[in-house]
Amino acid sequence: MLARQANPLLTEAEYLEQEEHSEIRHEYHQGELYMMAGGSANHARIAANFLMEFLIFLKDRPCGALGSDMRVKIEIPPKRPLKSASAHYVYPDFSVTCDPADLGNANALTGPKVIGEVLSPSTAAYDQTHKFELYKQLPSLEDYLLVSQTQKLVQVFHRLPSKINTWEVTYFYEQDVLRIPSLDFTCPVERIYHKVVFEQGIEMVGFPSES
């Protein structure tokens, strides 16, 4: 889980103002700030590889791909009358949105179609549980990706349109072609791990050859 900052509760406006001038990114959960830890070189390479593949794929499409500097705003409706909605701001490692409101000069996405997180030892449990539960509150979200940085493995959670908040998970390994259903996007898993050096010393030095 992220490290909570021992500060007074902030309003959304105060958080956004503070974050605008902060050198450290923070997530915001109902007034509380949580400092984000820095990632490894592998973490950065994997996220950058995904972003590059998305940017190429979406070049002529009315959608945009964004990296880890773009926040996502999640508003959870109140469970009881007279209660206000609870706001959360989180930073995914990468995202894709086709919402025209998000493609403008938004300070946070509200309608992402795809969100991805590269798993790290310090945040893996958070990404797989609490953060995923928050993302599920986004009606626009259709695919959620969890990406390993210790092996060539991508999990794609796809929201089934015919059922309420039911997700189907597919595992894509080294030899597979990754598919993201909501975008009809495909990519060899090998490309996601281009130039990633694992602890055992195996380095991906290039894309798989195409014949």
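The shortest distance between side-chain heavy atoms of Tyr144 and Arg159 does not fall below 4.5 Å. Residues Ile46 and Ile192 form a side-chain contact, since some pair of their non-hydrogen atoms from C-beta on lies under 4.5 Å apart. Side-chain contact between Asp93 and His43: present, with at least one pair of heavy atoms (C-beta onward) separated by less than 4.5 Å. Looking at Phe198 and Lys152, their side chains come closer than 4.5 Å, going by heavy atoms from C-beta outward.
A donor-acceptor contact under 3.5 angstrom links the side chains of Ser148 and Thr150, judged on distance only. In this structure, a donor-acceptor pair under 3.5 Å is present between the side chains of Asp143 and Ser182. At a cut-off of 3.5 Å, with distance as the only test, a side-chain donor of Tyr126 or Glu27 sits close to an acceptor on the other residue. Tyr34 and Glu32 share a side-chain donor-acceptor pair at under 3.5 Å. Judged by distance alone, the side chains of Glu19 and His26 do bring a donor and an acceptor atom under 3.5 Å apart. In this model, no donor atom of one side chain and acceptor atom of the other lie less than 3.5 Å apart for Glu190 and His194.
Residues passing the side-chain contact (heavy atoms from CB on, under 4.5 Å) test with Asp60: none are found, sequence neighbours excluded. Residues satisfying the ring-ring contact (aromatic ring centres under 6.0 Å, His included) test with Phe185, not counting sequence neighbours, are Phe54, Phe57. Taking the ring-ring contact (aromatic ring centres under 6.0 Å, His included) definition, one finds that Tyr15 meets it with Tyr28, Tyr89, sequence neighbours left out. When the side-chain contact (heavy atoms from CB on, under 4.5 Å) test is applied to Thr129, no partner is found at least two apart in sequence or on another chain. With sequence neighbours excluded, the residues that form a side-chain contact (heavy atoms from CB on, under 4.5 Å) with Thr170 are Phe172. In terms of the side-chain contact (heavy atoms from CB on, under 4.5 Å) criterion, residue partners of Glu14 (sequence neighbours excluded) are, by chain and number, Leu10, Thr11. In this view, His88 and His29 satisfy the ring-ring contact (aromatic ring centres under 6.0 Å, His included) rule, not counting sequence neighbours. In this view, Cys187 satisfies the disulfide bond (SG atoms under 2.5 Å apart) rule with no residue, not counting sequence neighbours.
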Check your understanding: How far apart are the C-alpha atoms of Leu109 and Ile115, what are their side-chain angles, what is the distance that settles it, and do they pass the side-chain contact (heavy atoms from CB on, under 4.5 Å) test?
Key -> CA-CA 11 Å; Leu109 303 182; Ile115 286 177; over 6 Å; no
Apply the test side-chain contact (heavy atoms from CB on, under 4.5 Å) to residues Leu33 and Gln18: give CA-CA distance (whole Å), side-chain angles for both, the deciding distance (0.1 Å), then the verdict. CA-CA 11 Å; Leu33 296 189; Gln18 177 174 311; 3.2 Å; yes
Checking side-chain contact (heavy atoms from CB on, under 4.5 Å) for the pair Tyr91/Met36: CA distance, chi angles, key distance, verdict?
CA-CA 9 Å; Tyr91 286 91; Met36 298 189 65; 3.4 Å; yes
Under the criterion side-chain contact (heavy atoms from CB on, under 4.5 Å), I'd like the reasoning laid out for Leu145 against Phe50: C-alpha separation, chi angles, the key distance, then a yes or no. CA-CA 11 Å; Leu145 281 61; Phe50 253 115; 3.7 Å; yes
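Under the disulfide (SG to SG under 2.5 Å) criterion, the residue pairs touching residues 27-63 are Cys63-Cys98, with sequence neighbours excluded. The list of salt bridge (charged side-chain N to carboxylate O under 4.0 Å, His left out) pairs with a residue in residues 175-185, not counting sequence neighbours, reads Arg179-Asp184.
If you take CG on Leu16 and CZ on Arg71, they are separated by 5.5 Å, rounding to the nearest 0.5 Å. Taking OG1 of Thr110 as the start and CD of Glu75 as the end, the distance is 9.5 Å to the nearest 0.5 Å. Atom OH of Tyr135 is separated from atom NE2 of His130 by 10.5 Å, given to the nearest 0.5 angstrom. To the nearest 0.5 Å, atom OG1 of residue Thr97 and atom NZ of residue Lys113 are 8.5 Å apart. Taking CG of Asp127 as the reference point, atom CG of Leu119 lies at 6.0 Å (rounded to 0.5 Å). With rounding to the nearest 0.5 angstrom, the CG atom of Leu153 is 9.5 Å from the CG atom of Leu146.
No option in Asn49, Val147, Asn42 other than Val147 meets the side chain to side chain contact (heavy atoms under 4.5 Å, CB included) test with Tyr193.
The two residues Val72 and Pro112 have their closest heavy-atom pair at CG1-CG, 4.2 Å. The heavy-atom pair separating Gln137 from Ile74 by the smallest distance is CB-CG2, 3.9 Å. In plain terms, the two heavy atoms of Ala87 and Glu12 that are nearest each other are CB-OE2, 3.4 Å. Between Ala108 and Asp102, the closest heavy-atom pair is O-OD1, 4.1 Å. Pairing each heavy atom of Gln149 with each of Ser120, the nearest pair is NE2-OG, 3.2 Å.
Residues near Leu103 contribute nothing to a hydrophobic cluster around it, because no ILVMFWY side-chain heavy atom sits closer than 4.5 Å to its side chain. Grouping Ile, Leu, Val, Met, Phe, Trp and Tyr residues whose side-chain heavy atoms lie under 4.5 Å apart, directly or via other members, places Leu55 in a hydrophobic cluster with Leu51.
Within the 3.5 Å criterion, the main-chain N or O of Arg25 finds no donor-acceptor partner in the side chain of Ser22. The closest donor-acceptor contact from the side chain of His158 to the backbone of Glu142 lies under 3.5 Å.
Clustering ILVMFWY residues whenever any of their side-chain heavy atoms sit less than 4.5 angstrom apart, transitively, puts Tyr171 in a cluster other than the one holding Leu160. Neither Val177 nor Ile56 shares a network with the other; the hydrophobic side chains, linked directly or stepwise wherever heavy atoms of I, L, V, M, F, W or Y lie under 4.5 Å apart, form separate groups for each.
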